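Beneath this line is the structure, given in structure tokens, with notes to follow.
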There are 2 protein chains.
Amino acid sequence: MSLKKCVCVFHRAWDRMDATMVETTGEKLLYLTDEQLRQGIEAMFFAYRGFTADPDRILQDLAYGRAHHRAIHFINAQPGTTVNNLLNILGVTKQSLNRVLRTLVEDGLVEQQVGRKDRRERHLFLTEDGRALEARLSDAQRARMRDAYRHAGSDAVVGFRRVLEAMMDPEMRRAYTSLREGKE
Amino acid sequence: MSLKKCVCVFHRAWDRMDATMVETTGEKLLYLTDEQLRQGIEAMFFAYRGFTADPDRILQDLAYGRAHHRAIHFINAQPGTTVNNLLNILGVTKQSLNRVLRTLVEDGLVEQQVGRKDRRERHLFLTEDGRALEARLSDAQRARMRDAYRHAGSDAVVGFRRVLEAMMDPEMRRAYTSLREGKE
DNA sequence: CTTGGAATGTCAACAAGGCTGACATAATGT
DNA sequence: ACATTATGTCAGCCTTGTTGACATTCCAAG
């Protein structure tokens with residue numbers, strides 16, 4: 001670890017101790033007050049609301065929820081993925097996923113194919129209708145992401161992604177990068 | 001608007017049309033493929049999971065959920081806020097918030113004071129215990145945020161915040177900045 | 001002053017979507 | 001043959017969102 005750290009603690013007019021970390025990485029200094037971190041936390045909260053707002057609006061007319069969106073998204077990203085794989089990506093129980101998956105199959109948005117190599121596995125695919133809905137949802141979400149990127153600028157985008165990736169849990173980061181590599 | 005835009009659409013080996021936007025801001029060029037946007041969307045999904053993981057672990061021992069965390073967070077940020085104000089910030093119905101608030105009051109984490117000026121209003125405050133729990137929760141969340149910031153670097157942090165702020169809905173951004181100014 | 005809205009907050013009932021636990025079925029591997 | 005794995009299903013619970021009905025309080029028009 002090539003960074004030298006120096007942690008200073010001092011009192012603020014606020015309501016409790018506030019740790020400020022000063023860190024040197026090359027010539028850069030990084031001051032992180034609790035207040036700045038709090039702002040980051042709130043930014044994350046409000047941004048996630050905006051992030052899901054457009055798909056939520058589309059889905060509520062269809063009697064679907066965020067759970068359906070997530071399933072559709074990742075089946076689209078990895079056509080032919082198994083139930084188990086989806087479970088790991090989404091981080092929910094099989095009973096919970098199964099309920100969502102069942103409605104999607106009943107409504108003709110998702111197809112299940114028995115595995116050729118291992119016939120216990122069910123490989124999941126979007127049907128034509130499923131892809132259509134996925135396109136509607138992700139178009140809306142991409143539009144918002146694109147606007148945000150455009151407004152913030154290209155340098156900001158790089159930083160945005162770096163912080164997000166650093167914020168994931170290690171297993172999540174593995175799932176995330178495997179998805180990225182799969183797509184190339 | 002000082003930016004010149006050029007939108008090119010072309011076909012990819014993938015599965016459907018992929019719009020690439022090329023945008024000039026000064027000397028910067030910003031290429032945004034659908035694939036890059038998709039990665040941003042997934043990064044947001046996985047990062048939010050990490051973002052809430054630590055508080056969730058703490059809360060599940062206490063029979064509380066994320067809703068309680070949110071309420072505690074914003075009551076702490078704005079002591080004396082009214083139920084209505086909290087409603088606007090959290091974006092839920094008053095009935096839903098009320099249930100959470102009731103348990104917090106019953107458990108002695110939150111106090112309600114009838115408004116002096118308008119006695120219909122209930123002003124909300126954290127008790128000693130409430131502040132203690134808030135500290136536990138936000139310490140955990142700040143630690144993750146701090147690690148992510150540290151790992152990503154100071155330039156990345158600026159970009160992270162810029163993109164998040166651009167991703168909020170306008171009303172949310174207002175709530176967000178008003179909180180920031182209130183704290184100064 | 002009275003009275004009818006409007007604003008604020010509470011209670012009750014319900015739905016979505018998480019969870020656990022138990023169990024069935026089919027396929028695989030040893 | 002037997003244990004293991006992948007999946008599906010049922011029952012029941014919890015959190016957290018929803019709507020509807022209602023009580024309280026304030027304010028303004030008559």
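Protein chains get the first letters and strands the later ones, always in sequence-line order, with residue 1 at the start of each. Remember, it's a predicted structure, so these values are computed and weren't measured experimentally.
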Exercise. Do the non-hydrogen side-chain atoms of K94(A) and V83(A) ever get within less than 4.5 Å of each other?
Worked result: no
Exercise. For dA27(C), does OP1 or OP2 lie under 4.0 Å from any side-chain N or O of R116(A)?
Worked result: no
Problem set entry | Closest to side chain of K94(A), choosing from dT7(D), dT10(C), dG18(C) | dT7(D)
Exercise. Is there a donor and acceptor pair, one atom on the side chain of Q95(A) and one on the base of dG21(C), closer than 3.5 Å?
Worked result: yes
Seminar exercise, completed: ring pair (Phe, Tyr, Trp, His ring centres under 6.0 Å) test vs F45(B) passes for just one of F51(A), F74(A), Y48(A), namely F74(A)
Exercise. Any side-chain N or O of T93(A) less than 4.0 Å from the OP1 or OP2 oxygen of dC19(C)?
Worked result: yes
For this session: Give the ring-plane orientation class for F125(A) versus H123(A), where under 30° counts as parallel, over 60° as perpendicular and anything between as tilted.
Result: tilted
Exercise. Would you say a side-chain N or O of N98(A) is under 4.0 Å from OP1 or OP2 of dG8(D)?
Worked result: yes
Problem set entry | Rounded interatomic separation in angstrom, taking CD1 from I72(B) and P from dT16(D) | 11 Å
Exercise. With a non-hydrogen cut-off below 4.0 angstrom, is G91(B) in contact with a base, only sugar-phosphate, or nothing?
Worked result: nothing
Exercise. Is a donor-acceptor contact shorter than 3.5 angstrom present between the side chain of R120(B) and the base of dG9(C)?
Worked result: no
Problem set entry | Protein-nucleotide distance (L87(A), atom CG; dT9(D), atom C1'), rounded to Å | 15 Å
For this session: Would you please confirm or rule out a distance under 4.0 Å between OP1 or OP2 of dT7(D) and any side-chain N or O of Q113(A)?
Result: no
For this session: Provide, to the nearest angstrom, the distance between the CG atom belonging to L97(A) and the P atom belonging to dG18(C).
Result: 9 Å
For this session: Mark yes or no for whether H68(A), through its side chain, and G65(A), through its backbone, hold a donor-acceptor pair below 3.5 Å.
Result: yes
Exercise. Between dG17(D), dT7(D), dG9(C), which nucleotide gets closest to the side-chain atoms of R122(B)?
Worked result: dG9(C)
Problem set entry | Spacing of L62(B) atom CG relative to dC14(D) atom C1', expressed in whole Å | 15 Å
Problem set entry | Nearest-nucleotide 5' precedence on DNA chain C, V100(A) against N85(B) | N85(B)
Exercise. N85(A) versus I89(A): any side-chain heavy-atom pair under 4.5 Å?
Worked result: yes
Problem set entry | Length of the NZ-C1' vector between K117(B) and dC26(D), whole Å | 12 Å
Exercise. Can you find a donor-acceptor pair, distance only, under 3.5 Å between R99(A) side chain and dG18(C) base?
Worked result: yes
Exercise. Hey, does Q112(B) reach any base, or is it just sugar-phosphate, or nothing, if we go heavy atoms under 4.0 Å?
Worked result: sugar-phosphate
Exercise. Would one find a side-chain N or O of N84(A) under 4.0 angstrom from OP1 or OP2 of dT7(D)?
Worked result: yes
Problem set entry | Euclidean distance, atom CD of residue E106(B) to atom P of dC11(C) [Å, nearest integer] | 9 Å
For this session: Look at the side chain of D118(B) and decide which nucleotide, out of dT25(D), dT7(D), dG9(C), has an atom nearest to it.
Result: dT25(D)
Exercise. Is any side-chain nitrogen or oxygen of H68(B) closer than 4.0 Å to OP1 or OP2 of dT16(D)?
Worked result: yes
Exercise. Starting at NE2 of H123(A) and ending at P of dG8(D), how long is that distance when rounded to a whole Å?
Worked result: 12 Å
Exercise. Between dT15(D), dA27(C), dC10(D), which nucleotide gets closest to the side-chain atoms of R119(A)?
Worked result: dA27(C)
Exercise. Given atom CG of L59(B) and atom P of dC14(D), what is their separation to the nearest angstrom?
Worked result: 17 Å
Problem set entry | Distance test, side-chain N/O of R66(B) to OP1/OP2 of dG17(D), below 4.0 Å | no
Exercise. Of the nucleotides dG17(C), dT16(D), dG18(C), which has the atom closest to the V92(A) side chain?
Worked result: dG18(C)
Exercise. Given side chains that start at C-beta, do those of L109(A) and Y64(A) come closer than 4.5 Å, heavy atoms only?
Worked result: yes
Problem set entry | Nucleotide nearest S96(B) when distance is taken to its side chain, options dG8(D), dT16(D), dG9(C) | dT16(D)
For this session: Report yes if some heavy atom in the side chain of E165(B) is under 4.5 Å from a heavy atom in the side chain of H151(A); otherwise report no.
Result: no
